[in-house]
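Some notes on the structure that comes next.
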Number of protein chains: 2
Amino acid sequence: MIRVVVADDQALLRGSFRVLVDSEPDLEVVGEAATGSEAVALAMNARPDVVLMDVRMPEMDGIEATRRIRDVCRVLVVTMFDLDSYVYDALRAGASGFLLKDTPPVDLLAAIRVVASGEALLAPKVTRRLIEEFTRTPAVPRVKGLDGVTEREREVLTLIARGLSNNEIAAHLQVSLATVKTHITRLLAKVEARDRAQLVIAAYESGLVSTAG
Amino acid sequence: MIRVVVADDQALLRGSFRVLVDSEPDLEVVGEAATGSEAVALAMNARPDVVLMDVRMPEMDGIEATRRIRDVCRVLVVTMFDLDSYVYDALRAGASGFLLKDTPPVDLLAAIRVVASGEALLAPKVTRRLIEEFTRTPAVPRVKGLDGVTEREREVLTLIARGLSNNEIAAHLQVSLATVKTHITRLLAKVEARDRAQLVIAAYESGLVSTAG
DNA sequence: TTCAAGGTCAACCCCTGGGTTGACGTGCGC
DNA sequence: GCGCACGTCAACCCAGGGGTTGACCTTGAA
């Protein structure tokens, strides 16, 4: 038996969800909450498997409530608004699912079972945008460590990561431009970078330099 | 009527998909392909709405095939293996959906309709991992120094900070090299940087990107 | 409707950055 | 003594990055 809590500030909606859920033999509503804080308290006491969570609620919104109970049960966010920020915030807060209130009842019930089983499920519209968000940033070319990089090379790398040109580096280190270029060619090979931009990335990612904040 | 192409190297599986799909009044199979290249050719000629695409196929795999037809129709990848790399590669290649072959027939049919409508749908297991991947990178706290930089420019800057070359950025954003160069020229002025290395620095220092740790 | 801003694109030019090869000197360990 | 790692330097080549100008289109605000 999958134990469900319904958290929504509209009593009417809670009621219909309860009827819907209780009509299934393997599901049961073990509590209702009208605010975020009530939802948190209920999750702690009633120990449901899944909480159907609205986003907009008095006292504490569904996002914050999700964040507080993410470790004690699964959260399925069900909202009227598919705003990007709602979706992203909910997922980061630990929600296992995100559905819109126009979801057919049968799909909602299926979603509860999916979430209870430890998997995740999103409304198709939400899925599409999450994929867009995901593909927005390409696979990041992983950065190699700084093993094998000599002291001098590390020095040059630091200056590159400060934004200096080859000539400026040469002047700063009191060596010829040719020497700087040699160091850089070797750095590119050792760090497996393609150009100085990727060297800057390597410098940050390896911790050689870090954001000043 | 939603027009469907089935691409899979197993004739038996193509047959059962065809029977399943054709049993629906609003769906029809307009072609079958046994290889990736066949799938591409078929997509160009038959102009289906949705291609059911296997990943492992002779000649050309489903990922590459997806990449080549992403602009002419939707692709729903259906595979036996839910390997992370398959999922990520398929989504980056432009797939609108990713299902496993153990999906119940009724769900597969529903998925075809969802994908045909322009939305997206993933197997619950896949959804869960995509969310994990998404939340792995924390929300960027940023705001600093990047005033006056447009959304598109910010996007380009992010890609530069990932180490992409201008050509790669153009390919990723689906625009010409000239456009990318224009954005970069403006970025250099606005951010007061001299070259892309300094742009990478600006991206890190402004919090637009941050070290993965 | 007009204008500004943002996004897109092309053609041109110039120069730095990066690849390649080869060289010389130092200090170190074997 | 010898080899080796490291730092130094030069000459050459060229592809890509970056600057400049000017253009078109769409959107939204004035």
Side-chain angles (χ1 to χ4, degrees), chain A residues 84 132-133 135-138 141 143-204 206 208-209, chain B residues 70-71 142-143 145-204 206 208-209:
Chain A
D84 277 8
E132 277 171 16
E133 178 66 25
T135 56
R136 207 173 53 75
T137 55
V143 166
K144 252 303 202 51
L146 261 42
D147 319 310
V149 174
T150 70
E151 196 49 44
R152 194 60 158 172
E153 285 161 359
R154 206 186 308 274
E155 208 171 344
V156 172
L157 180 52
T158 304
L159 296 178
I160 289 176
R162 295 295 179 213
L164 301 212
S165 71
N166 290 352
N167 271 315
E168 288 167 346
I169 294 174
H172 190 268
L173 295 181
Q174 301 268 54
V175 298
S176 83
L177 176 61
T179 301
V180 174
K181 293 180 72 170
T182 302
H183 286 313
I184 292 179
T185 296
R186 290 179 183 156
L187 271 171
L188 291 170
K190 289 181 181 175
V191 181
E192 290 181 10
R194 185 175 48 191
D195 50 40
R196 70 201 293 106
Q198 291 190 354
L199 283 181
V200 175
I201 297 173
Y204 275 98
S206 69
L208 214 209
V209 301
Chain B
R70 60 180 303 168
D71 293 325
R142 80 129 232 331
V143 275
L146 264 42
D147 317 311
V149 175
T150 70
E151 197 47 46
R152 195 58 157 172
E153 286 161 357
R154 206 188 306 275
E155 210 170 343
V156 171
L157 180 52
T158 304
L159 297 178
I160 288 176
R162 296 289 185 218
L164 302 215
S165 71
N166 289 352
N167 271 314
E168 289 168 345
I169 294 173
H172 185 76
L173 295 182
Q174 305 263 56
V175 299
S176 83
L177 176 61
T179 301
V180 174
K181 294 179 72 170
T182 302
H183 285 311
I184 291 179
T185 296
R186 290 178 184 157
L187 269 172
L188 291 169
K190 289 181 182 176
V191 182
E192 291 182 10
R194 183 176 48 192
D195 50 39
R196 69 202 292 100
Q198 291 190 353
L199 284 182
V200 174
I201 296 172
Y204 274 98
S206 70
L208 181 63
V209 301

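Residue numbers begin at 1 in each chain, while the letters A, B, ... track the order of the sequences. Note that the coordinates shown come from a computational prediction; the quantities given were computed from them, not determined experimentally.
Listed by first and then second residue, the side chain to side chain donor-acceptor pair (under 3.5 Å) pairs involving residues 179-189 of chain A are A/Ser176-A/Thr179 (not counting sequence neighbours). Among residues at least two apart or in separate chains, there is no ring-ring contact (aromatic ring centres under 6.0 Å, His included) pair with a member in residues 146-172 of chain A.
Atom CD in A/Glu153 sits about 9 Å away from atom C1' in D/dG7, given to the nearest Å. We find that CZ of A/Arg186 is positioned 9 Å from P of D/dC6, with the value rounded to whole Å. At whole-Å resolution of the value, CZ in A/Arg196 and P in D/dG16 are 17 Å apart. Atom CG in A/Leu187 sits roughly 13 Å away from atom P in D/dT8 (whole-Å rounding).
By the side chain to side chain donor-acceptor pair (under 3.5 Å) test, B/Gln198 is found to be paired with no residue, residues two or more places apart in sequence or in another chain being considered. B/Leu157 pairs by the side chain to side chain contact (heavy atoms under 4.5 Å, CB included) definition with B/Leu146, B/Leu187, B/Leu199, B/Ala203, B/Leu208, not counting sequence neighbours. Taking B/Arg152 as the reference, B/Glu155 meet the salt bridge (charged side-chain N to carboxylate O under 4.0 Å, His left out) condition, with sequence neighbours excluded.
The residue among B/Asp195 and B/Thr150 whose nearest nucleotide of DNA chain C is located toward the 5' end is B/Thr150.
Stem analysis of DNA chain D (at least three stacked-register Watson-Crick or G-U pairs, each with both distances under 3.5 Å) gives C:1-30 with D:1-30.
From the 5' end on, the contacts that DNA chain C makes with chain B at under 4.0 Å to a non-hydrogen atom open and close at C/dG6 to C/dA10.
Within residues 164-175 of chain A, the residues that have a heavy atom under 4.0 Å from DNA chain C are, in order of number, A/Ser165, A/Asn166. For DNA chain C, the neighbouring residues in residues 176-185 of chain B, judged by any heavy atom under 4.0 Å, are B/Ser176, B/Ala178, B/Thr179, B/Thr182, B/His183.
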Please report, to 0.1 Å, the donor-acceptor pairs under 3.5 Å made by any side chain of residues 158-167 of chain A, with sequence neighbours excluded.
unit_1: A/Thr158; atom_1: OG1; unit_2: A/Arg154; atom_2: O; d: 2.9
unit_1: A/Ser165; atom_1: OG; unit_2: A/Glu168; atom_2: N; d: 3.3
unit_1: A/Asn166; atom_1: OD1; unit_2: A/Arg196; atom_2: NH1; d: 3.0
unit_1: A/Asn166; atom_1: OD1; unit_2: A/Arg196; atom_2: NH2; d: 3.2

Sub-3.5 Å pairs of nitrogen or oxygen atoms, protein against nucleotides 24-28 of chain D:
none

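Sparse packing is recorded around CD of B/Glu192, with 12 or fewer heavy atoms of other residues, nucleotides or ligands lying under 6.0 Å away.
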